[in-house]
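Below is one structure, written out as C-alpha coordinates; comments come after it.
Values reported hereafter were calculated over all heavy atoms of this structure, with side chains retained and with hydrogens, waters and symmetry mates removed. Order of appearance sets the numbers: ligands from 1, and atoms from 1 within every ligand.
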Amino acid sequence: MPNAYISGSGMYVPETVIKNDDLKKIYGIDTDHEWIHKRSGIEERRFAPEGVNASDLAVPAAKQAVEDAGIEMKDLDMIIFGTLSPDAIFPGSGVYLQQKLGLCDGPNPNFVPCLDVRNQCSAFIYSLATAASMVKAGGCKNVLIVGAECHSAAMDMSTRGRQVSSLFGDAAAAVVVSQTEEDRGVRGWYLGADGRYADSLCLKGWDMRRRPYIPVGDDDCGRVTPEMMWPYMEGKLVFRNAVERMIQSLMKACSDHEITRDDIDLFLFHQANMRINQYVADQIGIPEDRLVHNLHKYGNTTAATIPLLIAEATRNGKLERGMKVAMVAFGSGFTWGSAIVDW
Ligand code: ACO
(Lines give C-alpha, C1' and ligand atoms only; values in the text may rest on other atoms or scores of the structure.)
Protein backbone atom coordinates (compact mmCIF):
# COMPACT_ATOMS: atom_id res chain seq x y z
CA MET A 1 0.00 0.00 0.00
CA PRO A 2 1.42 3.46 -0.85
CA ASN A 3 1.91 6.10 1.83
CA ALA A 4 0.23 9.51 1.97
CA TYR A 5 2.34 12.53 2.89
CA ILE A 6 1.83 16.27 3.06
CA SER A 7 3.65 17.46 -0.04
CA GLY A 8 2.84 21.17 0.12
CA SER A 9 1.12 23.86 2.14
CA GLY A 10 -0.20 27.38 1.73
CA MET A 11 -2.00 30.07 3.66
CA TYR A 12 -3.83 33.34 3.27
CA VAL A 13 -5.00 35.81 5.92
CA PRO A 14 -6.97 38.97 5.10
CA GLU A 15 -5.06 42.25 5.43
CA THR A 16 -7.27 43.93 8.01
CA VAL A 17 -5.94 43.43 11.53
CA ILE A 18 -8.49 43.78 14.32
CA LYS A 19 -6.79 44.19 17.69
CA ASN A 20 -8.65 43.29 20.88
CA ASP A 21 -9.30 46.92 21.71
CA ASP A 22 -10.62 47.50 18.16
CA LEU A 23 -13.62 45.35 19.09
CA LYS A 24 -14.56 48.17 21.44
CA LYS A 25 -13.33 51.06 19.29
CA ILE A 26 -14.80 49.93 15.96
CA TYR A 27 -17.81 47.84 16.98
CA GLY A 28 -18.68 49.33 20.38
CA ILE A 29 -18.44 45.96 22.14
CA ASP A 30 -18.06 46.21 25.91
CA THR A 31 -14.76 44.33 26.16
CA ASP A 32 -11.04 45.04 26.46
CA HIS A 33 -7.65 43.62 25.61
CA GLU A 34 -6.92 42.46 29.15
CA TRP A 35 -10.10 40.36 29.44
CA ILE A 36 -9.63 38.66 26.10
CA HIS A 37 -5.87 38.14 26.37
CA LYS A 38 -6.02 36.77 29.91
CA ARG A 39 -8.70 34.20 29.07
CA SER A 40 -7.64 33.20 25.56
CA GLY A 41 -4.13 34.44 24.70
CA ILE A 42 -5.55 36.23 21.65
CA GLU A 43 -4.12 39.67 20.79
CA GLU A 44 -5.55 40.27 17.35
CA ARG A 45 -7.33 38.58 14.47
CA ARG A 46 -7.95 39.26 10.76
CA PHE A 47 -11.33 40.15 9.29
CA ALA A 48 -12.10 39.81 5.58
CA PRO A 49 -13.83 42.74 3.86
CA GLU A 50 -17.44 42.79 2.71
CA GLY A 51 -17.79 40.88 -0.56
CA VAL A 52 -15.37 38.12 0.38
CA ASN A 53 -16.37 34.62 1.46
CA ALA A 54 -14.61 31.43 2.56
CA SER A 55 -13.94 30.10 -0.94
CA ASP A 56 -12.41 33.48 -1.92
CA LEU A 57 -10.01 33.24 1.02
CA ALA A 58 -9.24 29.66 0.03
CA VAL A 59 -8.05 30.52 -3.50
CA PRO A 60 -4.60 31.98 -2.70
CA ALA A 61 -3.98 29.39 0.02
CA ALA A 62 -4.83 26.56 -2.38
CA LYS A 63 -2.69 27.99 -5.19
CA GLN A 64 0.27 28.31 -2.81
CA ALA A 65 -0.15 24.73 -1.55
CA VAL A 66 -0.35 23.30 -5.07
CA GLU A 67 2.76 25.22 -6.13
CA ASP A 68 4.59 24.21 -2.93
CA ALA A 69 3.74 20.57 -3.66
CA GLY A 70 5.41 20.94 -7.05
CA ILE A 71 2.29 19.96 -8.95
CA GLU A 72 -0.27 21.73 -11.13
CA MET A 73 -4.02 22.13 -10.75
CA LYS A 74 -4.50 19.47 -13.41
CA ASP A 75 -2.73 16.96 -11.13
CA LEU A 76 -5.34 17.24 -8.36
CA ASP A 77 -7.65 14.25 -7.92
CA MET A 78 -9.92 15.63 -5.24
CA ILE A 79 -10.74 18.76 -3.21
CA ILE A 80 -11.76 18.55 0.45
CA PHE A 81 -13.05 21.81 1.90
CA GLY A 82 -13.31 22.15 5.69
CA THR A 83 -15.39 25.06 6.96
CA LEU A 84 -18.06 26.08 9.43
CA SER A 85 -18.71 29.30 7.52
CA PRO A 86 -19.57 27.95 4.06
CA ASP A 87 -20.41 30.20 1.12
CA ALA A 88 -23.96 28.84 0.90
CA ILE A 89 -26.40 26.44 2.57
CA PHE A 90 -25.83 24.38 -0.54
CA PRO A 91 -23.83 23.53 -2.56
CA GLY A 92 -20.64 23.05 -0.62
CA SER A 93 -17.78 25.55 -0.79
CA GLY A 94 -15.55 22.95 -2.49
CA VAL A 95 -17.27 23.35 -5.85
CA TYR A 96 -16.98 27.15 -5.65
CA LEU A 97 -13.28 26.77 -4.95
CA GLN A 98 -12.87 24.32 -7.85
CA GLN A 99 -14.43 26.87 -10.19
CA LYS A 100 -12.37 29.78 -8.80
CA LEU A 101 -9.16 27.78 -9.19
CA GLY A 102 -9.99 27.47 -12.89
CA LEU A 103 -10.32 23.68 -12.80
CA CYS A 104 -13.55 23.81 -14.81
CA ASP A 105 -12.08 26.05 -17.53
CA GLY A 106 -10.29 25.47 -20.82
CA PRO A 107 -10.12 22.56 -23.21
CA ASN A 108 -9.09 20.05 -20.51
CA PRO A 109 -11.16 20.78 -17.42
CA ASN A 110 -10.41 18.84 -14.25
CA PHE A 111 -13.80 17.86 -12.84
CA VAL A 112 -12.39 16.47 -9.61
CA PRO A 113 -14.73 15.37 -6.84
CA CYS A 114 -15.31 18.07 -4.22
CA LEU A 115 -16.24 17.21 -0.66
CA ASP A 116 -17.13 19.61 2.13
CA VAL A 117 -16.25 18.53 5.66
CA ARG A 118 -18.52 20.27 8.17
CA ASN A 119 -16.65 19.27 11.29
CA GLN A 120 -15.77 22.76 12.46
CA CYS A 121 -12.54 22.89 14.49
CA SER A 122 -11.88 19.19 13.90
CA ALA A 123 -12.42 19.55 10.15
CA PHE A 124 -8.74 19.48 9.27
CA ILE A 125 -8.04 16.21 11.11
CA TYR A 126 -11.20 14.62 9.63
CA SER A 127 -10.16 15.90 6.18
CA LEU A 128 -6.62 14.59 6.59
CA ALA A 129 -7.93 11.16 7.58
CA THR A 130 -10.23 11.16 4.53
CA ALA A 131 -7.51 12.32 2.13
CA ALA A 132 -4.93 9.88 3.48
CA SER A 133 -7.47 7.03 3.19
CA MET A 134 -8.15 7.91 -0.45
CA VAL A 135 -4.45 8.17 -1.26
CA LYS A 136 -3.42 5.01 0.59
CA ALA A 137 -6.24 3.06 -1.06
CA GLY A 138 -4.92 4.14 -4.45
CA GLY A 139 -8.01 6.14 -5.39
CA CYS A 140 -6.17 9.47 -5.54
CA LYS A 141 -2.59 10.65 -6.02
CA ASN A 142 -3.01 14.27 -4.92
CA VAL A 143 -5.78 15.58 -2.68
CA LEU A 144 -6.12 19.28 -1.90
CA ILE A 145 -7.38 20.00 1.62
CA VAL A 146 -8.44 23.55 2.43
CA GLY A 147 -9.60 24.91 5.77
CA ALA A 148 -11.16 28.34 5.28
CA GLU A 149 -13.30 30.50 7.51
CA CYS A 150 -15.08 33.79 7.06
CA HIS A 151 -16.25 34.11 10.66
CA SER A 152 -16.51 37.90 10.59
CA ALA A 153 -19.70 37.66 8.52
CA ALA A 154 -21.54 35.50 11.02
CA MET A 155 -20.69 36.78 14.49
CA ASP A 156 -22.84 39.01 16.67
CA MET A 157 -20.61 42.11 16.79
CA SER A 158 -22.51 43.63 19.70
CA THR A 159 -21.84 43.21 23.44
CA ARG A 160 -24.42 40.39 23.44
CA GLY A 161 -22.11 38.29 21.24
CA ARG A 162 -18.78 39.16 22.87
CA GLN A 163 -18.07 35.72 24.31
CA VAL A 164 -17.80 34.34 20.75
CA SER A 165 -16.83 37.38 18.69
CA SER A 166 -13.72 38.04 20.78
CA LEU A 167 -12.30 34.61 19.92
CA PHE A 168 -12.69 34.02 16.19
CA GLY A 169 -10.93 35.31 13.07
CA ASP A 170 -10.87 34.82 9.30
CA ALA A 171 -8.20 32.84 7.44
CA ALA A 172 -7.57 30.08 4.94
CA ALA A 173 -4.86 27.46 4.79
CA ALA A 174 -4.31 24.44 2.60
CA VAL A 175 -2.21 21.32 2.20
CA VAL A 176 -1.78 18.78 -0.58
CA VAL A 177 -1.76 15.13 0.47
CA SER A 178 0.18 13.08 -2.09
CA GLN A 179 0.98 9.46 -2.75
CA THR A 180 4.52 8.21 -2.11
CA GLU A 181 6.35 4.91 -1.93
CA GLU A 182 8.75 6.45 0.61
CA ASP A 183 8.53 5.39 4.25
CA ARG A 184 6.92 8.59 5.55
CA GLY A 185 3.63 10.43 5.82
CA VAL A 186 0.35 10.11 7.68
CA ARG A 187 0.78 7.07 9.95
CA GLY A 188 -2.68 7.09 11.43
CA TRP A 189 -5.46 9.03 13.07
CA TYR A 190 -8.02 8.80 15.78
CA LEU A 191 -11.41 10.49 15.39
CA GLY A 192 -14.31 10.83 17.79
CA ALA A 193 -17.58 12.65 18.43
CA ASP A 194 -20.18 13.07 21.16
CA GLY A 195 -23.49 14.24 19.75
CA ARG A 196 -24.97 14.79 23.21
CA TYR A 197 -23.31 18.22 23.04
CA ALA A 198 -24.50 19.13 19.54
CA ASP A 199 -26.39 22.18 20.80
CA SER A 200 -23.66 23.39 23.18
CA LEU A 201 -21.67 25.09 20.43
CA CYS A 202 -23.72 25.82 17.34
CA LEU A 203 -25.20 28.28 14.91
CA LYS A 204 -28.72 27.14 14.00
CA GLY A 205 -29.52 29.68 11.28
CA TRP A 206 -32.83 28.06 10.42
CA ASP A 207 -35.28 25.43 11.70
CA MET A 208 -36.06 22.69 9.19
CA ARG A 209 -38.96 21.49 11.38
CA ARG A 210 -40.80 24.69 10.45
CA ARG A 211 -42.81 25.16 7.25
CA PRO A 212 -41.15 27.18 5.80
CA TYR A 213 -37.86 26.79 7.57
CA ILE A 214 -37.52 30.56 8.20
CA PRO A 215 -40.62 32.57 9.26
CA VAL A 216 -41.80 34.81 6.45
CA GLY A 217 -43.29 38.26 7.11
CA ASP A 218 -46.07 40.06 5.23
CA ASP A 219 -43.39 41.63 3.04
CA ASP A 220 -42.39 38.12 1.83
CA CYS A 221 -39.01 38.41 3.56
CA GLY A 222 -37.61 35.85 5.98
CA ARG A 223 -37.16 36.86 9.64
CA VAL A 224 -34.45 35.28 11.78
CA THR A 225 -34.25 35.90 15.51
CA PRO A 226 -30.84 36.73 17.04
CA GLU A 227 -30.84 33.33 18.81
CA MET A 228 -31.02 31.61 15.41
CA MET A 229 -28.76 34.00 13.56
CA TRP A 230 -25.67 34.04 15.78
CA PRO A 231 -23.36 31.39 17.22
CA TYR A 232 -24.18 29.98 20.65
CA MET A 233 -21.42 28.65 22.91
CA GLU A 234 -21.38 27.26 26.43
CA GLY A 235 -17.82 28.44 26.99
CA LYS A 236 -16.98 26.64 30.23
CA LEU A 237 -18.47 23.35 29.00
CA VAL A 238 -16.48 23.64 25.78
CA PHE A 239 -13.33 24.32 27.77
CA ARG A 240 -13.75 21.27 30.03
CA ASN A 241 -14.53 18.91 27.18
CA ALA A 242 -11.77 20.31 24.98
CA VAL A 243 -8.99 19.62 27.47
CA GLU A 244 -10.33 16.16 28.28
CA ARG A 245 -10.77 15.08 24.66
CA MET A 246 -7.52 16.60 23.42
CA ILE A 247 -5.51 14.79 26.11
CA GLN A 248 -7.35 11.53 25.41
CA SER A 249 -6.86 11.90 21.63
CA LEU A 250 -3.14 12.52 21.97
CA MET A 251 -2.64 9.61 24.37
CA LYS A 252 -4.61 7.31 22.06
CA ALA A 253 -2.60 8.37 19.02
CA CYS A 254 0.62 7.67 20.91
CA SER A 255 -0.48 4.31 22.30
CA ASP A 256 -1.82 3.16 18.90
CA HIS A 257 1.59 3.88 17.39
CA GLU A 258 3.56 2.54 20.36
CA ILE A 259 5.29 5.86 20.92
CA THR A 260 5.46 8.28 23.82
CA ARG A 261 5.27 12.08 23.93
CA ASP A 262 9.11 12.12 23.92
CA ASP A 263 9.18 10.56 20.43
CA ILE A 264 7.20 13.52 19.02
CA ASP A 265 9.27 16.41 17.69
CA LEU A 266 6.43 18.88 17.12
CA PHE A 267 2.85 19.17 18.38
CA LEU A 268 0.29 21.05 16.29
CA PHE A 269 -2.66 21.89 18.54
CA HIS A 270 -5.89 23.41 17.27
CA GLN A 271 -5.70 27.12 18.13
CA ALA A 272 -8.87 27.85 20.11
CA ASN A 273 -7.54 29.07 23.40
CA MET A 274 -4.05 29.29 24.90
CA ARG A 275 -5.35 28.25 28.31
CA ILE A 276 -6.77 25.04 26.79
CA ASN A 277 -3.50 24.33 24.99
CA GLN A 278 -1.33 25.13 28.01
CA TYR A 279 -3.44 22.87 30.23
CA VAL A 280 -3.16 19.99 27.74
CA ALA A 281 0.60 20.53 27.33
CA ASP A 282 1.11 20.67 31.11
CA GLN A 283 -0.91 17.51 31.76
CA ILE A 284 0.98 15.53 29.13
CA GLY A 285 4.33 17.14 29.95
CA ILE A 286 5.06 18.66 26.56
CA PRO A 287 7.97 21.12 26.61
CA GLU A 288 7.22 24.60 25.24
CA ASP A 289 9.79 24.25 22.44
CA ARG A 290 7.82 21.36 20.91
CA LEU A 291 4.69 23.45 20.40
CA VAL A 292 3.93 26.13 17.84
CA HIS A 293 1.19 28.73 18.19
CA ASN A 294 -0.38 31.45 16.09
CA LEU A 295 -3.56 32.02 18.08
CA HIS A 296 -2.25 35.35 19.40
CA LYS A 297 -2.19 36.86 15.90
CA TYR A 298 -5.10 35.15 14.11
CA GLY A 299 -7.53 34.11 16.87
CA ASN A 300 -9.47 30.88 16.42
CA THR A 301 -9.69 30.26 12.68
CA THR A 302 -11.46 26.92 13.17
CA ALA A 303 -10.79 24.61 10.18
CA ALA A 304 -7.77 26.70 9.19
CA THR A 305 -5.76 26.61 12.43
CA ILE A 306 -3.70 23.44 11.92
CA PRO A 307 -2.92 23.96 8.20
CA LEU A 308 -1.98 27.56 9.09
CA LEU A 309 0.49 26.20 11.64
CA ILE A 310 1.85 23.81 9.00
CA ALA A 311 2.26 26.57 6.40
CA GLU A 312 4.07 28.81 8.88
CA ALA A 313 6.21 26.13 10.53
CA THR A 314 7.45 24.70 7.23
CA ARG A 315 8.47 28.19 6.12
CA ASN A 316 10.15 29.33 9.35
CA GLY A 317 12.10 26.08 9.74
CA LYS A 318 10.30 24.74 12.82
CA LEU A 319 8.88 21.82 10.84
CA GLU A 320 11.39 19.86 8.80
CA ARG A 321 11.62 16.62 6.90
CA GLY A 322 12.22 13.66 9.21
CA MET A 323 10.28 15.05 12.19
CA LYS A 324 7.50 13.13 13.91
CA VAL A 325 4.44 15.35 14.27
CA ALA A 326 1.30 14.97 16.40
CA MET A 327 -1.83 16.99 15.58
CA VAL A 328 -4.91 17.32 17.76
CA ALA A 329 -8.17 19.24 17.52
CA PHE A 330 -11.49 19.61 19.30
CA GLY A 331 -14.60 21.46 18.26
CA SER A 332 -18.33 21.80 17.86
CA GLY A 333 -20.33 18.60 17.74
CA PHE A 334 -18.48 17.85 19.97
CA THR A 335 -15.96 16.34 17.59
CA TRP A 336 -12.26 15.69 18.05
CA GLY A 337 -9.32 13.98 16.43
CA SER A 338 -5.59 13.44 16.39
CA ALA A 339 -3.07 12.30 13.81
CA ILE A 340 0.54 11.17 13.74
CA VAL A 341 2.59 12.22 10.71
CA ASP A 342 6.20 11.44 9.83
CA TRP A 343 7.22 14.55 7.92
N1 ACO B 1 -15.17 40.77 27.22
C2 ACO B 1 -15.56 41.09 28.46
N3 ACO B 1 -16.40 40.33 29.19
C4 ACO B 1 -16.85 39.20 28.63
C5 ACO B 1 -16.47 38.80 27.34
C6 ACO B 1 -15.60 39.63 26.63
N7 ACO B 1 -15.18 39.34 25.39
N8 ACO B 1 -17.07 37.63 27.07
C9 ACO B 1 -17.80 37.31 28.13
N10 ACO B 1 -17.68 38.26 29.09
C11 ACO B 1 -18.30 38.31 30.39
C12 ACO B 1 -19.54 37.48 30.50
O13 ACO B 1 -20.65 38.19 29.99
C14 ACO B 1 -19.63 37.25 31.97
O15 ACO B 1 -20.19 38.37 32.57
P16 ACO B 1 -21.23 38.20 33.78
O17 ACO B 1 -20.45 37.53 34.88
O18 ACO B 1 -21.61 39.61 34.10
O19 ACO B 1 -22.35 37.37 33.27
C20 ACO B 1 -18.19 37.18 32.42
O21 ACO B 1 -17.42 37.78 31.37
C22 ACO B 1 -17.71 35.77 32.64
O23 ACO B 1 -18.08 35.01 31.50
P24 ACO B 1 -17.73 33.51 31.37
O25 ACO B 1 -18.31 32.99 30.10
O26 ACO B 1 -18.09 32.79 32.64
O27 ACO B 1 -16.15 33.60 31.27
P28 ACO B 1 -15.10 32.45 31.23
O29 ACO B 1 -14.11 32.71 32.28
O30 ACO B 1 -15.72 31.10 31.15
O31 ACO B 1 -14.39 32.70 29.83
C32 ACO B 1 -14.32 31.88 27.59
C33 ACO B 1 -15.13 32.64 28.63
C34 ACO B 1 -13.05 32.66 27.29
C35 ACO B 1 -15.16 31.80 26.34
C36 ACO B 1 -13.98 30.48 28.15
O37 ACO B 1 -15.12 29.85 28.66
C38 ACO B 1 -13.37 29.63 27.10
O39 ACO B 1 -12.26 29.87 26.68
N40 ACO B 1 -14.07 28.57 26.67
C41 ACO B 1 -13.62 27.77 25.57
C42 ACO B 1 -14.13 28.42 24.33
C43 ACO B 1 -13.48 27.90 23.10
O44 ACO B 1 -12.30 27.63 23.09
N45 ACO B 1 -14.30 27.76 22.05
C46 ACO B 1 -13.85 27.34 20.82
C47 ACO B 1 -13.44 25.89 20.84
S48 ACO B 1 -14.30 24.92 19.82
C49 ACO B 1 -14.05 25.62 18.34
O50 ACO B 1 -12.95 26.07 18.06
C51 ACO B 1 -15.25 25.67 17.45
Side-chain angles (χ1 to χ4, degrees), residues 18-45 54 82-86 117-126 147-152 154-171 173 192-194 197-204 230-247 249 268-281 293-296 298-309 327-337:
I18 304 289
K19 293 191 169 294
N20 287 343
D21 280 333
D22 290 337
L23 295 172
K24 185 182 202 125
K25 278 189 218 147
I26 300 173
Y27 298 95
I29 299 172
D30 181 11
T31 189
D32 57 66
H33 172 74
E34 203 197 343
W35 195 100
I36 298 170
H37 189 251
K38 189 174 157 205
R39 283 171 180 76
S40 69
I42 296 165
E43 292 170 15
E44 59 189 45
R45 76 284 295 137
T83 186
L84 74 64
S85 47
V117 171
R118 298 286 307 281
N119 279 55
Q120 302 81 37
C121 299
S122 311
F124 181 73
I125 304 283
Y126 272 74
E149 302 291 358
C150 199
H151 287 308
S152 58
M155 292 192 297
D156 180 356
M157 299 305 291
S158 71
T159 296
R160 183 181 52 200
R162 64 186 175 179
Q163 195 206 33
V164 169
S165 61
S166 54
L167 302 179
F168 291 87
D170 300 342
D194 185 348
Y197 298 106
D199 288 340
S200 301
L201 178 53
C202 61
L203 193 169
K204 288 290 172 83
W230 305 121
Y232 170 76
M233 179 173 76
E234 293 172 37
K236 285 187 166 62
L237 182 78
V238 172
F239 195 106
R240 282 199 301 275
N241 278 269
V243 296
E244 185 185 319
R245 293 303 183 184
M246 285 171 71
I247 291 170
S249 300
L268 304 177
F269 284 10
H270 170 55
Q271 304 286 293
N273 187 312
M274 271 308 277
R275 286 193 309 154
I276 292 177
N277 290 2
Q278 263 156 10
Y279 186 86
V280 172
H293 307 289
N294 55 26
L295 180 74
H296 56 292
Y298 305 133
N300 183 348
T301 59
T302 312
T305 66
I306 293 178
L308 266 181
L309 289 174
M327 307 173 184
V328 65
F330 174 89
S332 159
F334 294 143
T335 59
W336 55 85

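Of all the listed residues (His33, Arg240, Arg39, Lys24), Arg39 holds the heavy atom that lies closest to atom 34 (C) of ligand 1.
If you check which protein heavy atom lies closest to atom 8 (N) of ligand 1, you get Trp35 CH2, 3.2 Å. Atom 49 (C) of ligand 1 has Cys121 SG, 2.4 Å as its closest protein atom, hydrogens excluded (heavy atom only). Closest protein heavy atom to atom 36 (C) of ligand 1: Arg275 NH2, 4.0 Å. For atom 15 (O) of ligand 1, the closest non-hydrogen atom on the protein side is Arg162 NH2, 4.0 Å. Counting only heavy atoms of the protein, atom 26 (O) of ligand 1 lies nearest to Lys236 NZ, 2.4 Å.
Taking every non-hydrogen atom of Ser166 and a distance limit under 4.0 Å, the qualifying atoms of ligand 1 come out as 7 (N). Atom numbering of ligand 1 starts at 1 in the shown order; those under 4.0 Å from a heavy atom of Val238 are 43 (C), 45 (N), 47 (C). Close approach of ligand 1 to Leu201 is summarised as follows: ligand atoms under 4.0 Å from at least one heavy atom of the residue are 48 (S), 51 (C). Contact atoms of ligand 1 toward Asn273: 38 (C), 39 (O), 44 (O) (distance under 4.0 Å to a heavy atom of the residue).
Residue Met233 places a heavy atom under 4.0 Å from ligand 1. Residue Ile276 places a heavy atom less than 4.0 Å from ligand 1.
There is no protein heavy atom closer than 4.0 angstrom to atom 32 (C) of ligand 1. In this structure, atom 17 (O) of ligand 1 has its sub-4.0 angstrom surroundings free of protein heavy atoms. The nearest protein heavy atom to atom 1 (N) of ligand 1 is closer than 4.0 Å.
Both the backbone and the side chain of Gln163 come within 4.0 Å of ligand 1, counting heavy atoms alone. At a 4.0 Å heavy-atom cut-off, ligand 1 touches Asn300 through the side chain alone.
Sorted by first and then second residue, the side chain to side chain donor-acceptor pair (under 3.5 Å) pairs with a member in residues 159-171 read Ser152-Asp170, Asp156-Arg160; sequence neighbours excluded.
For the residue pair Thr305/His270, the side-chain donor-acceptor check at 3.5 Å is satisfied. A donor and an acceptor atom, one from each side chain of Thr302 and Gln120, are nowhere located under 3.5 Å apart.
Asp32 contributes a side-chain N or O that, together with a main-chain N or O of Trp35, makes up a donor-acceptor pair within less than 3.5 Å.
Ligand 1 has no N or O atom lying under 3.5 Å from any N or O atom of Asp32, backbone or side chain. In terms of polar-atom proximity, Thr31 is counted as a contact of ligand 1, with an N or O under 3.5 Å from an N or O of the ligand. Residue Gly235 places at least one N or O, backbone or side chain, under 3.5 Å from an N or O of ligand 1.
For the pair Asn300 and Asn273, the minimum side-chain heavy-atom distance is 4.5 Å or more. Residues Leu84 and Arg118 are not in side-chain contact: their nearest non-hydrogen atoms beyond the backbone lie 4.5 Å or more apart.
Between His37 and His33, the two ring planes are parallel [angle under 30°; tilted spans 30° to 60°].
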